[in-house]
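One structure is given here, and the rest of the page talks about it.
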2 protein chains.
Amino acid sequence: MDISTSTINLPKGMKSEKTPAAPGRPRAFDVDQALETAMNLFWKQGYEGTSLTDLTEAMGINRPSLYAAFGNKEELFRKVVERYGSGPGRHATTSLAEPTARQVAEAMIRGSVNLLGDKSHPRGCLMVHGALACSEDSAEVQQDMAAMRSSAETQLRERFARAQAEGDLPVTANPADLARFVQAVTQGMAVLAASGATGEELARVGDLAMQAWPK
Amino acid sequence: MDISTSTINLPKGMKSEKTPAAPGRPRAFDVDQALETAMNLFWKQGYEGTSLTDLTEAMGINRPSLYAAFGNKEELFRKVVERYGSGPGRHATTSLAEPTARQVAEAMIRGSVNLLGDKSHPRGCLMVHGALACSEDSAEVQQDMAAMRSSAETQLRERFARAQAEGDLPVTANPADLARFVQAVTQGMAVLAASGATGEELARVGDLAMQAWPK
DNA sequence: TGATATGTGTACCATTCAGTAAATAATACG
DNA sequence: CGTATTATTTACTGAATGGTACACATATCA
């Protein structure tokens, strides 16, 4: 019923990586790999554009296995989003740890460029492409994605406000406006990537955007 | 079979607005109004997120009437996109006529802000929300939308190159980069609008973006 | 060897999808 | 009037949607 096969650290020998082996028939597929496959599909085709048949065929499993492991389509999508946030979209949170506001913005933009210009991934950003416009059936997923984008903006704004207090951002600057601007640029680059923009082209968009940074 | 009821200018009296009245049962709904309704639905829910039932119910007509008047779902969408381009999204082309590169960029951004901040419309941009991520069934529509966004970028680049030749844009500036930057900002604002950003907030994003403009 | 617990495979469910056949209704023209 | 033409209505099609019942397979534990 649960995802994880609950890897428990029992300090027996040196290599205590294996799970304690639960009873019942063992799962015949790799959950983590299946999640990765689902992520790439949702990333490319969006939540509603990806059917259960698309998913099970790509994962190489049957419908009931998917439901047993991930709940349903919506729960699977949420798990994919979580994985995305701690994987490919990691820079959205790690960038906040940079020492100055400018470096935070630069790291955020550079991270987006790296992600969006990477040809080993679908072009775009799951947070933007996942459920931007969809039917009313998926309104909740849609709103959640919007809320997560807004939350990223809020974190950025608070980071910039802190920077202002710390003195590395002019008092004349507006943290909320700067946060929204960085969000606009990175999300705009996500749309550009979907139109076929290359990594170099996106990087130059980022460089231009940083020209607007308050001095 | 055709859309228009073919308003022909026959200079009989002063007011020659009415159509010559074709034979057959007259259409019971206003084609233009139906297109407007369809546009708002596609705008809000995207191409795949809008079902024929959504459309016919909102238009107040039956399925066969829709097919007789507009062909099919895809053709209807293309007609909606055309209407959008000459209506709400007009600024994307009219801005090019501004006298200087800077004024073109400002007009483009201001036009986007006005559109995206207008609460009488769905939040966002049809060119971005219409078919950003979708199933493979709609790949053609998706590619067409990407091509139209790219085309807008090309027009902008050529306009900036002309400006450079005319001397109102520094020779050190890069027209292609500037065009892509303006596109990134406006499309990013479209995503922000979908997350709930207000017109005032978007306007400040636009002001910040113009700070990056070459002097 | 059971008993229990879990996963897989097949085959199905009701609903919705885009699209259409055919009968009927409303107009123009002769 | 009758004929031709076009639009509306109802009812339908086959395929795809998300989700599930149930029999069977494979594991642990006693």
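Hydrogens, waters and symmetry mates are skipped; everything else that's a heavy atom, side chains included, is used. Letters go in sequence order (proteins before strands), and every chain restarts at 1.
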Rounded to the Å, how far apart are [X] [atom1] and [N] [atom2]?
{"X": "B/Tyr47", "N": "C/dC17", "atom1": "OH", "atom2": "P", "result": "14 Å"}
{"X": "A/Glu48", "N": "D/dA16", "atom1": "CD", "atom2": "P", "result": "18 Å"}
{"X": "B/Glu75", "N": "C/dG19", "atom1": "CD", "atom2": "C1'", "result": "13 Å"}
{"X": "B/Asn62", "N": "D/dT9", "atom1": "CG", "atom2": "C1'", "result": "6 Å"}
{"X": "B/Lys73", "N": "C/dT16", "atom1": "NZ", "atom2": "C1'", "result": "12 Å"}
{"X": "A/Phe29", "N": "D/dT26", "atom1": "CZ", "atom2": "P", "result": "17 Å"}
{"X": "B/Leu55", "N": "C/dT16", "atom1": "CG", "atom2": "P", "result": "16 Å"}
{"X": "B/Phe77", "N": "C/dG19", "atom1": "CZ", "atom2": "P", "result": "14 Å"}

Which nucleotide in the set [options] lies at the smallest distance from any side-chain heavy atom of [X]?
{"X": "B/Ser51", "options": "C/dA18, D/dT20, C/dG19", "answer": "C/dA18"}
{"X": "B/Arg27", "options": "D/dG19, D/dA7, C/dG9", "answer": "D/dA7"}
{"X": "A/Pro23", "options": "D/dT8, C/dG19, D/dT28", "answer": "D/dT28"}

Whether A/Lys73 engages the ring of A/Tyr47 as a cation-pi pair (distance to the six-membered ring centre under 6.0 angstrom, angle to the ring normal within 45°) should be assessed.
yes
May I have the step-by-step check of side chain to side chain contact (heavy atoms under 4.5 Å, CB included) for A/Phe70 and A/Glu75, ending in yes or no?
CA-CA 6 Å; A/Phe70 305 108; A/Glu75 286 183 44; 5.7 Å; no
Along DNA chain C (nearest heavy atom to each residue), the more 5'-positioned of B/Arg25 and B/Arg63
B/Arg63
On DNA chain C, compare the nucleotides closest to B/Pro26 and A/Ser65; which residue's is nearer the 5' end?
A/Ser65
Given the side-chain rings of B/His129 and B/Trp43, with only the six-membered ring counted for Trp, is the space between their centroids under 6.0 Å?
no
For B/Thr50, answer base if it contacts any base atom (sugar-phosphate contacts may also be present), sugar-phosphate if it contacts only those atoms, and nothing otherwise; contact means non-hydrogen atoms under 4.0 Å.
sugar-phosphate
First of B/Leu66 and B/Gly24 reached from the 5' end of DNA chain D, by closest nucleotide
B/Gly24
Tell me which of B/Asp137 and B/Ile61 sits closer to the 5' end of DNA chain D, going by the nucleotide each one is nearest to.
B/Ile61
So B/Leu116 and B/His121, side chain to side chain contact (heavy atoms under 4.5 Å, CB included) or not? Walk me through it.
CA-CA 8 Å; B/Leu116 297 167; B/His121 289 145; over 6 Å; no
Give a yes or no answer on whether the side chain of A/Thr186 reaches the backbone of A/Gln183 with a donor-acceptor pair at less than 3.5 Å.
yes
